[in-house]
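All figures in this text were calculated on a predicted structure; none of them were measured in a lab. Below, all heavy atoms of this structure are taken into account, side chains as well, without hydrogens, waters or symmetry copies. Throughout, protein chains are lettered first and strands after them, A, B, ... in sequence-line order, and every chain is numbered starting at 1.
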Amino acid sequence: MSIEPYSTRVRALFDTPAHAGGLDDAASSSIDDQGVRIQLFAQVEAGSIRGLRFRAWGCPHVIAAAEAFCECYEGRQASDLSDFTASELMQSLPVPIEKSGRILVIEDAVRSLGKVLCGTSEPHD
Amino acid sequence: MSIEPYSTRVRALFDTPAHAGGLDDAASSSIDDQGVRIQLFAQVEAGSIRGLRFRAWGCPHVIAAAEAFCECYEGRQASDLSDFTASELMQSLPVPIEKSGRILVIEDAVRSLGKVLCGTSEPHD
Amino acid sequence: MTDKPDLIYLDYAATTPVDPRVVAAMSRLLEMDGDFANPSADHLAGRRSSVHVANAAEQLAALLHVHPDRLIWTSGATESNNLAIIGAARARQHRGQHLITMPTEHKAVTDVFRALERQGFDVTWLLPDECGALDIDALEAAFRDDTQLVSIMHVNNETGLLQDIARIGESCRRRDVLLHVDAAQSVGKLPVDLGQLPVDLASMTAHKMYGPKGIGGLYIADRPGCHIEPLMFGGGQQRRLRPGTLAVHLIAGFGCAAEIAATSLAEDLEHLTTLRDQLWAGIRDVPGIRLNGDIDNSFPGILNASIADIEGESLLLALEPLCVATGSACNSQSQEPSYVLRALGRSDAEAQSAIRFSLGRQTRSEDIVVAVRRYRSAVSKLRDLAPVLAA
Amino acid sequence: MTDKPDLIYLDYAATTPVDPRVVAAMSRLLEMDGDFANPSADHLAGRRSSVHVANAAEQLAALLHVHPDRLIWTSGATESNNLAIIGAARARQHRGQHLITMPTEHKAVTDVFRALERQGFDVTWLLPDECGALDIDALEAAFRDDTQLVSIMHVNNETGLLQDIARIGESCRRRDVLLHVDAAQSVGKLPVDLGQLPVDLASMTAHKMYGPKGIGGLYIADRPGCHIEPLMFGGGQQRRLRPGTLAVHLIAGFGCAAEIAATSLAEDLEHLTTLRDQLWAGIRDVPGIRLNGDIDNSFPGILNASIADIEGESLLLALEPLCVATGSACNSQSQEPSYVLRALGRSDAEAQSAIRFSLGRQTRSEDIVVAVRRYRSAVSKLRDLAPVLAA
Ligand SMILES: Cc1ncc(COP(=O)(O)O)c(C=O)c1O
Ligand SMILES: Cc1ncc(COP(=O)(O)O)c(C=O)c1O
């Protein structure tokens, strides 16, 4: 029986989501699925992500995960976004296994943002 | 719900039955019925009961009732014995109603003692 | 887990803290120097224990205006409900197998009726109006020749809504149908005069009225046809209706809680009404808020409101350190939206955003101030976080 | 009822006083400043409560050498017995309806089997030998193709007799029959290693092991075919097997009592054996006395002896201030001679004169000295009072 449903990290990210909000003149992606709504905004300069913001509607793990993603990828290369996987957030926050579906929605939003930024079309493999 | 099954008087009579025991050269009666065994002994002088004793096997109410009977009738006229009724003991001790049968056994023993003392035969009425 | 940084407990409908006087009464009945013995035992110590049981029955009976012999001790309202409903259904099944209840009852009623359905009983589920109230005409229309039992709760545990037990009971009596009332949320909190009300069976529990958990009561009216079969078998305790060693300290605790309730009920109600009104005044203008229930026909200790476009779990976390419920405490471990609110016609989204504030004797006006502030800020925080509906 | 002039409590088999450490553990879980909240609630206070429930399950599981998930909380051994026996009989009735038990079980077992007989189950009642033990060959002979459940108690509550649960369980396992053990009188008092014993269901209760009344446990082995149906329906608590708000303080009290038992069991047993031997040495030469049970194969906390030609109720009163039992506490309010002793072949007279001395942690050698003196003087007083058999 897991008595405390939220780790200290999840609580902190949920309480003060420093990257919450929108960004003007930014690339963005947005997904509404599985009762979760996610919007991501990125400003990129010379291939590097200068600003990363999110808006989210969902349970505390979704909000914390979106914040954690922004915290982690702000300042990195836009091309790194394709490395992002939901499972790294699932483990580091952590997120309980029954909520994986919701975190995959974030993964989708990140992928879609990556594509917008890199201007690539869906790879067909 | 009667919480205390024995009145103070029943307890006292049971604890120190001053009239317990036998008597030599005495009239006696004895009854064994309904799981109760009673023996009564009486020494009578000039129609008056000088000594009254009992032996009993039974529940505390039976023992207390036998003692109460002896206490009450010692010193009285032998002819008074015919006045004795179980119901006076039932009320004065008191004895719970479901035990009336046992006290009636004492009544029978007293009647039978009375008959022995007065030499009368069973009245036919 | 000893430090509790300013938790604000607003979940009195789930369970209440035990009144210190109740704690004191119980603590004398536990150890060697107290009356801990088995009250069925034929010795001095046992008889001393049994005095406490008899006293407690008097205390609870006085609160309910009934004879102490009409009360059975159980382990709580769940057991009382099961015993009353299954017990009466079985005792009367030779007469008929039709039963009536509502989908807005507590799980400890609805799940019992579902079990009876599986056993071949025929249950009519009467739908509530959008506040949760029973339409008496619908009840009248539902009666059949083989109807044996109606079960309707007094105060709804999620919304606080009050049913009109007197009228429901009159309808039942006219047809010689038994009425069971789950009074877990009303006994000790509202006047419940079972000497007057046409109620045959009533369930109650100590832990919702400042008594201990693990002890409940079932009232069984002294009327022809009002019989139940036991659920459990064992020693001859409680006229064979509910065997098991009587839990003297819990029974005494329940009795003490009942006595306290009898004297403080009016004052408690006034206190709760003031606080509830303060709370509702503080949040009713939040955009998108919607009251669940009917504030004019409710036990004032419960206020339940849904809020548009807010995710319930995040709302609950954002409300900390308020301790409030999203659904009935008894089924909150499941993540399903409240079936009670769904039955009142709320959408899944409305139901899952519902917050039940439930207030009690120890709730202070300052707590309500904090609750209002927290609620408003949680809602605006989550709204700020949410995507602007563009997609 | 506060002054207790030198009562000597020798009725530990009926119920025990609560250990002061258990009282302390419980008292922290009652009031506003303690963890009183509903452990199913989704808020901070609820989660704090749930920690105590989880801890208690660990404590009881450690005493029994099982996984905490295998334990269900009930209101006592009566409920555990009912849930186990009715629950298993119903869950397996499609396979067969034959059940086996003994007439010397506690009423909370025999009355359950009688109820199942009325519902169409077929029960074989195996007779004990004159000490109360089950003959394993008789058990072997009683098995049928449709046998589903055997219920045999570990320690008999009237005589202290120990059944050979290991051998009984092996026989059951060979035939894929479930074994339920009423361990109300053994858990916490004798080593009960449910990790090793071939037992499928075991009932226990806190109030026989220095815990509070009103809380019991049921162990359910994790084996194919070992399933039970619930007796009660309600919130989803305890995997739907036993609904109702968890009584946090009672559960924590039971857990604490289990932890204390685990550490003091060996010492307790030595203490009880010494006292029991002292008692028996002091009264065994009273003319007409006869031990009920088997002193060499017993839990030492119980000594039961009949005495020729003495009326039981008078004996009990003459023994005051000793608090002892004439039959099982659970049925002592009826005046019938013990059915357990009758099943061992005792006459009505022998059965009704039987006294059960049951000793516990707080019994002292001085108490035994008084008990011996009282017993001897009560017997001789009543013999002196009795008519000389002349008539
Ligand atoms: C209306 C209602 N009925 C029954 C119950 C169950 O009560 P208990 O927890 O005492 O079994 C509750 C509370 O949980 C309730 O609110
Ligand atoms: C062997 C046995 N089983 C069951 C019980 C019933 O236990 P409880 O009082 O906890 O229901 C008792 C004691 O009363 C007992 O001695």
Side-chain angles (χ1 to χ4, degrees), chain C residues 1 7 9 11 14-15 17-18 20 23 27 30-32 35-38 40-45 48 51 75-76 78-79 81-82 107-108 111-112 114-115 207 212-215 231-236 243-245 247-250 316 320-321 323-326 329-334 362, chain D residues 1 7 9 11 14-15 17-18 20 23 27 30-32 35-38 40-45 48 51 75-76 78-79 81-82 107-108 111-112 114-115 207 212-215 231-236 243-245 247-250 316 320-321 323-326 329-334 362:
Chain C
M1 293 257 166
L7 282 195
Y9 187 77
D11 200 14
T15 195
V18 183
V23 174
S27 69
L30 294 167
E31 295 185 52
M32 196 49 144
D35 293 340
F36 71 92
N38 190 325
S40 305
D42 277 332
H43 49 60
L44 278 175
R48 284 176 182 166
V51 172
S75 62
T78 297
E79 183 182 338
N81 285 342
N82 275 267
K107 287 245 178 193
D111 282 1
V112 179
R114 288 219 180 82
H207 76 90
K213 293 176 188 54
I215 185 80
L231 272 186
M232 298 194 249
F233 307 89
T245 303
V248 190
H249 73 292
L250 296 177
L316 204 61
E320 277 187 8
C323 297
V324 292
T326 32
C330 301
N331 57 337
S332 66
Q333 266 172 355
S334 77
Q362 275 137 293
Chain D
M1 294 254 163
L7 284 195
Y9 187 77
D11 200 14
T15 196
V18 182
V23 174
S27 68
L30 294 168
E31 295 184 53
M32 198 46 145
D35 292 341
F36 71 92
N38 190 326
S40 305
D42 277 334
H43 49 59
L44 277 176
R48 282 176 181 166
V51 172
S75 63
T78 296
E79 183 183 338
N81 286 341
N82 275 268
K107 288 245 179 193
D111 282 1
V112 180
R114 287 215 182 84
H207 77 90
K213 295 177 188 52
I215 185 79
L231 271 186
M232 297 194 250
F233 306 89
T245 303
V248 190
H249 73 293
L250 297 176
L316 203 61
E320 276 187 9
C323 296
V324 293
T326 33
C330 302
N331 56 337
S332 65
Q333 266 171 355
S334 77
Q362 274 136 294

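- Using a 4.5 Å heavy-atom threshold, the side chains of D/H249 and C/V18 count as separate.
- Both the backbone and the side chain of C/L231 come within contact range of chain D, with heavy atoms under 4.5 Å apart.
- Both the backbone and the side chain of D/E79 have a heavy atom closer than 4.5 Å to some heavy atom of chain C.
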Does the side chain to side chain contact (heavy atoms under 4.5 Å, CB included) test come out yes or no for C/V248 and D/T15, once each step is laid out?
CA-CA 11 Å; C/V248 190; D/T15 196; over 6 Å; no
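- Residue D/Q362 touches chain C through its side chain alone, counting heavy-atom pairs closer than 4.5 Å.
- Contact detail for C/T78 and D/P243: the closest heavy-atom pair is CG2-CG, 3.8 Å.
- Ranked by heavy-atom pairs under 4.5 Å with chain C, the list D/S27, D/G214, D/P20 is led by D/P20.
- The heavy-atom pair separating D/D42 from C/L316 by the smallest distance is O-CD2, 3.3 Å.
- Nearest heavy atom pair, residue D/K107 against residue C/G235, reads CB-N, 3.8 Å.
- Looking at D/V23, only its side chain comes within 4.5 Å of chain C, counting heavy atoms on both sides.
- How far CG of D/N38 is from NE2 of C/H207: 7.0 Å, rounded to the nearest 0.5 Å.
- Atom CE of D/M232 and atom OG of C/S75 lie 5.0 Å apart (nearest 0.5 Å).
- Pairing each heavy atom of D/G234 with each of C/D111, the nearest pair is O-OD2, 2.7 Å.
- If you take CG on D/D11 and CG on C/L44, they are separated by 12.0 Å, rounding to the nearest 0.5 Å.
- For chain C, the nearby part of D/N82 is the side chain; its heavy atoms alone come within less than 4.5 Å.
- In this structure, the portions of D/L30 lying under 4.5 Å from any heavy atom of chain C include both its backbone and its side chain.
- Formation of a donor-acceptor pair under 3.5 Å by the D/K213 side chain with backbone atoms of C/F36 is found in this model.
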